[in-house]
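Notes to accompany the following structure.
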Amino acid sequence: MKKIVYQMMLVASMATLTACSSDDPFDTTNNNVFNPGGTEIGGGNGSSSAGSGELLSFSVNLDRESTEPASTVAAYYPEAEDDITTQTFATQIAIDMTNPVAKTENGVEITVSEGHVTANHGSTEGICYVVTGTTSNGSLTIDGKTNFELNLNSVDITNPTSTALDIESKKASYIVLTGTNKLTDGTTEDHKSTLYGKGKLLFSGTGSLNVYGTYNNGIHTKSYVVIDKGVNLYVNTTINHGIKASDAVVINGGIINIESSGEGAKGINCEKDIVINGGRTNVICTGNGEWDTEDLETKAATCIKCDSIMTIKGGEINVKATGSGGKGLKADWEAYISGGKIRVITTGGLYYSNGTQESHNYTGNTDNLDDAYTSSPKGIKVGTKNEHGVLQITGGDLMVRTSGTNGEGIESKGTLDITDGTVMVSAYDDAINSSGDLTISGGYVVAVGTNNDGIDSNGNMYLKGGTLIAMGAGGAEAGIDINEQKKLYISGGNIFGIGGRFDGSLGSTSQGIVTTSGSVTANSTVTITSGSTTLASFAMPPYSYNNGTILVSAPDMKSGSSYTLNLGSQSVSVTASNTISNSGMGGGPGGNNRPGGW
């Protein structure tokens, strides 16, 4: 993070952090993980400790049994023909993988070579392959110049050497699942994935498909993937990505569970756009970071990642990255979240490598390191060092928790806008961070930085509406932090912060501001009142904070007027102003004494 001028809500005189850290930045034995069980997150005369609550207790697990969540979001298809209900495939061709038979039937030629089956329908329209049976030493290859349906009907294909299901046709493959299906690849021949397609892979049906990737990706297409309601998909990869697509990944529904354990591997990886409209998507990535010998930079495992634009309108998304530098959701260009229930956890530490030395929990100073040498854990990241990034949250229910060294909660490398929805973040590093302007004009936002800032803007910050509750770690770490060359503008919203001081000038404000000191208790309620009228009420997150500097603002507060701030254990008489005074508090270790420095 960069130097700050605005350091709201810091504690008075912070003492040295109690979390363990090694003097050797390459020592990987110390995880330096924040313990939510009442452990201090600040320190010094002001300190913060965690209580109970979903923000600290929610978990991310695979779940193939629960009913698919209902969705009111309309299905999206890149092309109208992608909707299988608009298609007719009346000519059925049966393929039994247990006892495959070579034949020519209705314009389809099927050849068999030692259990490996190839079906080619050429230019014949309306073909529906119905595949059944089991083989432990075989494969299925489909080719043709027209769209076709592939009905996987309780089939189990294991190819001990290469791809299990190879779709060489560049046309659309309508893969309909019936019963329980399984695909497993081998390790002795070079191949791209267990299920490979040169064209569109369009999944529908009410059955299940289990894909095991032991050599490369689980599912890989040179085009795009669409998953519809009713599908139950499980992908497990030990080397590379779970699902990889060149053009798009669209999830309209279904139950998707992905486990990826490869270094730097992604659960879902798309070179262009990802769209999620419904269903339940669970992704767990356990791979550590790795050094890319071609690009000469670090790479990290990511649960869901796209190189362009990510759009989330509905459904349930649960992701967890446990390896060094691991990330939950990542979009290189832009991300738009307007609905859905999203839960993100990262537990890994900061990954470092320069090609010869490596650390999976780097705790040294990163100020003078080349950006290519490190990869920090992130809950949600939008943008790259070369792409500025745009993140807009206009709805949805988001919870993000990071606990490993340098783990940020939500970061935009460009602008960040929140207009609606619920956004709750607990992070080891900054909870919410933007490289450009940050605007909150609605919604309910909770941001807790357990070792750094609650909310950090390196551009101007505009607070226009909604509710914001922010907690910084203490010392030089703020509840609300703004770049020294930028300003804070308040024109609306209920604002409560605790943790630090304010060192700069306020851009402008149309409502009164109160600064005072005090303590809050985890899960308590704080109110600001005028006589018998409650102007704002704040439900504290699952953290207690002692002896912090407090800032409160609400739309009906007027400069020069007196109010009562009820902190639960005490009530304080306060007078509002249109400026934020420097309380003279703060101090303690900052800068390079904190993980990551400034």
#### Entry: Interatomic spacing from CD1 in Ile469 to OH in Tyr543 - rounded to 0.5 Å
13.0 Å
### Query
Distance-only, no hydrogens or angles: does the Lys327 side chain make a donor-acceptor pair with backbone N or O of Gly325 under 3.5 Å?
yes
### Query
Picking from Ile251, Ile256, Ile227, what satisfies side chain to side chain contact (heavy atoms under 4.5 Å, CB included) with Phe203?
Ile227
### Query
Is it true that Lys244 and Glu271 have a side-chain N and a carboxylate O under 4.0 angstrom from each other?
yes
### Query
Any salt bridge between Asp332 and Lys305, counting N to O under 4.0 Å?
yes
### Query
Considering only heavy atoms from C-beta outward, does the side chain of Lys222 approach that of Tyr196 to under 4.5 Å?
yes
### Query
Got Leu201 and Val226 here, is their nearest side-chain heavy-atom distance under 4.5 Å?
no
### Query
Does any N or O in the side chain of Arg401 come within less than 3.5 Å of the main-chain N or O of Phe58, such that one atom is a donor and the other an acceptor?
yes
### Summary
Rounding to 0.5 Å, atoms NZ (Lys341) and CG (Leu398) come to a distance of 11.5 Å
### Query
Minimum heavy-atom separation for Gly492 to Ser510, with atom names?
N-OG, 4.5 Å
### Query
Below 4.0 angstrom, N of the basic side chain to O of the carboxylate: do Lys299 and Glu290 qualify?
no
### Query
What side-chain hydrogen bond (donor to acceptor under 3.5 Å, both in side chains) pairs are there with at least one residue in residues 274-285, not counting sequence neighbours?
Asn252-Asn277, Asn257-Asn282, Asn282-Asn318
### Task
Indicate the ring-plane relationship of Tyr212 and Tyr234, choosing parallel, tilted or perpendicular according to the 30° and 60° boundaries.
perpendicular
#### Entry: Atom pair CD/OG of Gln392 and Ser338 - distance to nearest 0.5 Å
10.5 Å
#### Entry: Candidate pair Ser193 and Asn216, rule side chain to side chain donor-acceptor pair (under 3.5 Å), full reasoning
CA-CA 5 Å; Ser193 59; Asn216 204 326; over 6 Å; no
### Task
State whether the side chain of Thr450 and the backbone N or O of Ala427 hold a donor-acceptor pair below 3.5 Å, judged by distance alone.
yes
### Heavy-atom check, side chain of Ile304 versus side chain of Val283, under 4.5 Å
yes
### Summary
Which of Ile455, Asp430, Leu391 passes side chain to side chain contact (heavy atoms under 4.5 Å, CB included) with Ile410? Answer is Leu391
### Task
Anything under 30° is parallel, anything over 60° is perpendicular, the rest tilted; go ahead and classify Phe496 against Phe538.
tilted
### Query
What pair of heavy atoms forms the shortest contact from Ala431 to Gly449, and how long is it?
CB-N, 4.2 Å
### Residue pair Ile258 / Gly242: nearest heavy atoms and the distance that separates them
CG2-CA, 4.1 Å
### Task
Taking only Lys NZ, Arg NE, NH1 and NH2, and the carboxylate oxygens of Asp or Glu, determine whether Glu411 and Lys378 approach each other closer than 4.0 Å.
yes
### Query
Would you find a donor on one side and an acceptor on the other, under 3.5 Å apart, between the side chain of Asn288 and the backbone of Ser324?
yes
### Message
Applying side chain to side chain contact (heavy atoms under 4.5 Å, CB included), can you list everything that pairs with Asp273, at least two apart in sequence or on another chain?
### Response
Ser308, Ile309
### Task
Please lay out, stage by stage, how Tyr77 and Glu79 fare under the test side chain to side chain donor-acceptor pair (under 3.5 Å).
CA-CA 5 Å; Tyr77 299 100; Glu79 297 180 351; over 6 Å; no
### Task
Measure the shortest side-chain to side-chain distance between Arg64 and Ser208 over non-hydrogen atoms and say whether it is less than 4.5 angstrom.
yes
### Message
Between Ser434 (side chain only) and Gly436 (backbone N and O only), is there a donor and an acceptor less than 3.5 Å apart?
### Response
yes
### Query
Do Leu233 and Ile243 come within less than 4.5 Å of each other through their side chains, counting heavy atoms only?
yes
### Message
Please report the interatomic distance CG(Asn217) to NE2(His241), rounded to the nearest 0.5 Å.
### Response
5.5 Å
### Query
Is there a side-chain contact between Met310 and Glu334, using heavy atoms and a 4.5 Å cut-off?
no
#### Entry: Distance in Å, Tyr174 OH paired with Ser204 OG, rounded so as to fall on 0.5 Å steps
9.5 Å
### Validation row: Ile276, Ile317 side chains within 4.5 angstrom (heavy atoms)
yes
### Message
I need the minimum non-hydrogen distance between Ser261 and Thr238, along with the two atoms involved.
### Response
OG-CA, 3.3 Å
### Query
How about Ile418 and Val445: do any of their side-chain heavy atoms sit closer than 4.5 Å?
yes
### Task
Apply side chain to side chain donor-acceptor pair (under 3.5 Å) to Asp83 and Thr86, showing your working.
CA-CA 6 Å; Asp83 183 356; Thr86 66; 5.5 Å; no
### Task
State whether the side chain of Thr534 and the backbone N or O of Ala536 hold a donor-acceptor pair below 3.5 Å, judged by distance alone.
no
#### Entry: Nearest-0.5 Å distance, CG of residue Asp82 to NZ of residue Lys200
4.0 Å
### Query
Salt bridge between Arg343 and Asp397, side-chain N to carboxylate O under 4.0 Å?
yes
### Query
Which atom pair, heavy atoms only, marks the closest approach of Ser375 to Ala300?
OG-CB, 3.2 Å
#### Entry: Heavy-atom pair of closest approach, residues Ser353 and Tyr351
CB-OH, 3.4 Å
### Message
Using only atom types and a distance under 3.5 Å, with no angle test, would you say the side chain of Thr521 pairs donor to acceptor with the backbone of Ser524?
### Response
no
### Message
I'd like to know if the side chain of Asp247 reaches the main chain of Tyr224, judged simply by a donor and an acceptor atom lying under 3.5 Å from each other, with no hydrogens or angles considered.
### Response
no
### Query
Just by distance, do the side chain of Thr402 and the backbone of Gly407 share a donor-acceptor pair under 3.5 Å?
yes
### Message
Is it true that Thr237 and Asn240 share a donor-acceptor pair across their side chains at a distance under 3.5 Å?
### Response
no
